[in-house]
2 protein chains.
Amino acid sequence: MTDIKNKSNESKNNFRAEALVEDIPDKIIRRLPHYYIQLKNMMQKDIEYVSSEQLAKIMGFSSSLIRRDLSHFGQFGKKSYGYDVNCLYENLQLILGFGYEKTMIILGAGFLGRALANNKSYSERGYVLKGIFDKDPAIIGLEFNDIKVMDVELAPDFISRLEIDVAALAVPAEEAQKTAEMLVRAGIKGIWDFTETPVEVPDDIILIEQNMNDGLCKISCKLAQKKQSSR
Amino acid sequence: MTDIKNKSNESKNNFRAEALVEDIPDKIIRRLPHYYIQLKNMMQKDIEYVSSEQLAKIMGFSSSLIRRDLSHFGQFGKKSYGYDVNCLYENLQLILGFGYEKTMIILGAGFLGRALANNKSYSERGYVLKGIFDKDPAIIGLEFNDIKVMDVELAPDFISRLEIDVAALAVPAEEAQKTAEMLVRAGIKGIWDFTETPVEVPDDIILIEQNMNDGLCKISCKLAQKKQSSR
DNA sequence: TAGATTGTTAATCGATTAACAATC
DNA sequence: TAGATTGTTAATCGATTAACAATC
């Protein structure tokens with residue numbers, strides 16, 4: 001039960017991201033990390049307060065949009081002062097779920113899988129890499145980022161035993177669907193999909209398509225437009 | 001089968017993608033490759049005509065949307081028959097610019113750069129990989145996908161001499177902006193950016209951010225929501 | 001107090017969907 | 001002809017922006 005009614009009492013409290021908000025529109029979710037990054041910068045510069053107008057200038061959004069986005073999660077601002085940088089940062093961290101540990105594995109230890117293994121950015125977001133899996137005997141046993149590649153046969157047990165949250169799917173397209181089904185059966189909660197085929201999973205599994213093909217197509221299309229208009 | 005049609009003289013020319021259309025909204029561009037893929041499948045199954053309704057079922061869009069999207073580029077359909085699969089495919093190829101050769105180089109031959117070098121999908125989209133560059137002497141000279149890694153110092157001359165269209169930017173974040181500026185000076189037309197910092201380029205340069213961080217943040221946010229709602 | 005800035009409501013803009021006349 | 005399906009116009013939906021009362 002979300003009793004949003006008794007807001008007046010708690011309204012002094014700074015820390016309370018009402019992120020209970022059932023469904024944050026994807027459009028908003030996409031902007032949140034960018035607010036987060038800006039606020040981090042400001043904290044490092046010891047800026048204590050920032051107005052929606054100032055943020056808007058830096059980020060290229062309208063100040064209305066920023067105020068509206070943030071109002072989805074509670075009332076973080078102080079009238080005539082703006083937003084408390086530190087407080088807003090902490091709340092965004094909560095909303096984005098960076099604050100608590102999420103476990104991750106990588107499926108497929110080709111070059112892409114290895115690139116992911118060496119990527120530092122997810123530890124900043126609260127992800128901890130727990131395992132890397134491949135089916136190629138020549139690759140099993142190699143070590144990347146201090147983690148030994150395991151046989152993919154061992155993955156289902158590994159996932160359910162360690163209650164792994166997220167799997168980065170970096171296997172060849174032919175194996176994408178099969179592997180995804182294995183992950184779902186084993187109890188994975190989210191799949192970060194780098195394959196080039198569309199993968200079908202049940203509705204309750206979080207699926208993020210990190211589709212590289214779309215980017216390539218977009219560039220190609222825009223080059224074609226350019227070529228035509230310059231003729 | 002509906003082969004009643006190979007009739008009408010070339011007076012009703014099939015090939016004419018009026019893609020002169022100045023600015024195709026990004027929302028539409030993103031859907032075009034998906035139409036393209038479906039049509040390719042249909043060609044392989046020797047399907048000659050497809051209605052917007054049939055396409056809609058397969059792709060999960062509304063038939064209205066499909067008709068509207070396609071109408072941006074000309075009138076490809078035949079009333080009461082639907083769309084000529086082959087004709088529509090060829091036109092989409094034209095609009096998406098897959099038909100003509102685009103040259104590409106890769107900047108940064110770490111694991112990510114190598115993954116890109118081995119990726120087959122861009123040759124299907126008309127891209128030809130012409131070079132790979134890195135600044136690390138230990139990497140220069142290695143070969144990936146039959147292409148030797150060159151010293152990044154040689155890149156500017158290489159780009160302008162061969163009139164390279166697109167550069168995949170897979171260098172460390174610290175070097176992203178500097179490298180992008182070099183690319184622009186050398187005359188690159190598009191940048192496919194895999195770095196994790198925002199890169200600034202002039203307006204006339206096509207910039208596609210293949211941002212992996214956003215995907216990670218989205219999963220994290222959705223996991224946090226799930227966690228909360230299950231409590 | 002006067003000025004600043006929020007949170008929110010109303011207006012606008014853009015994208016999707018529904019409806020339908022045209023026509024094969 | 002009767003049925004099917006387009007291309008396009010009108011209606012709806014959702015997201016962004018403008019405006020402003022509340023208030024620090």
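Throughout, a chain's letter reflects where its sequence line sits, starting with A, and its residues are numbered from 1. Side-chain atoms are counted along with the backbone in the values below, which use heavy atoms only and exclude waters and symmetry mates. Bear in mind the structure is a predicted one, so any value in this text is a computation, not a measurement.
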Problem - B:I159 side, atom CD1; B:M182 side, atom CE - distance, nearest 0.5 Å - result: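 It comes to 5.0 Å.
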Completion exercise
Distance col, row A:L39:CG vs A:E90:CD, nearest 0.5 angstrom, shows 11.0 Å
Could you tell me how far apart [X] ([atom1]) and [N] ([atom2]) are, to the nearest whole angstrom?
{"X": "A:D84", "N": "C:dT5", "atom1": "CG", "atom2": "P", "value": "15 Å"}
{"X": "A:H72", "N": "C:dT6", "atom1": "NE2", "atom2": "P", "value": "17 Å"}
{"X": "B:Q75", "N": "D:dT6", "atom1": "CD", "atom2": "P", "value": "12 Å"}
{"X": "A:I66", "N": "C:dT6", "atom1": "CD1", "atom2": "C1'", "value": "13 Å"}

Practice task
Taking only the side-chain nitrogens and oxygens of B:Y81, find out if one of them lies under 4.0 Å from OP1 or OP2 of D:dG3.
Solution key: no
Practice task
Give a yes/no answer on whether the side chain of B:Y83 brings an N or O atom under 4.0 Å of OP1 or OP2 in D:dA4.
Solution key: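 So the side-chain polar atoms of B:Y83 never come under 4.0 Å of the phosphate oxygens OP1 or OP2 of D:dA4.
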Handout entry: Charged N-O contact under 4.0 Å between B:D165 and B:K102
Key = no
Handout entry: A:R31 bridged to B:D214 by N-O distance under 4.0 Å
Key = no
Check: [X]/[Y] side-chain N/O donor and acceptor closer than 3.5 Å:
{"X": "A:Y89", "Y": "A:D84", "value": "no"}
{"X": "A:R68", "Y": "A:S64", "value": "no"}
{"X": "A:Y122", "Y": "B:N213", "value": "no"}

Problem - Pairwise side-chain contact, B:N119 with A:E196, heavy-atom cut-off 4.5 Å (strictly under) - result: yes
Handout entry: A:I164 side chain reached by A:I188 side chain, heavy atoms, under 4.5 Å
Key =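 The answer is yes; the side chains approach within 4.5 Å.
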Exercise for the section: For this output row, return yes or no: ring centroids of B:Y81 and B:Y49 closer than 6.0 angstrom. Expected result: yes
Exercise for the section: Both distances under 3.5 Å, Watson-Crick or G-U wobble: on that basis, could you give the dot-bracket string for DNA chain D, with [ ] for crossing pairs and | for other-strand partners? Expected result: ..||||||||||||||||||||||
Problem - Test item: B:S220 side-chain N/O and B:L216 main-chain N/O as donor-acceptor pair under 3.5 Å - result: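 No, the answer is negative, given that no donor and acceptor are paired below the 3.5 Å cut-off.
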Exercise for the section: Please list, by residue number, the residues of residues 48-57 of chain A whose heavy atoms come closer than 4.0 Å to an atom of DNA chain D; answer none if no residue qualifies. Expected result: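 Here the set is empty: none.
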Handout entry: Contact nearer the 5' end of DNA chain D, comparing B:S80 with A:S80
Key =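 Between the two, 5'-proximity favours B:S80.
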Practice task
Going 5' to 3' through nucleotides 15-22 of chain D, assign each nucleotide B (protein heavy atom under 4.0 Å from a base atom), S (under 4.0 Å only from sugar-phosphate atoms) or - (no protein heavy atom that close).
Solution key: -BBBB--B
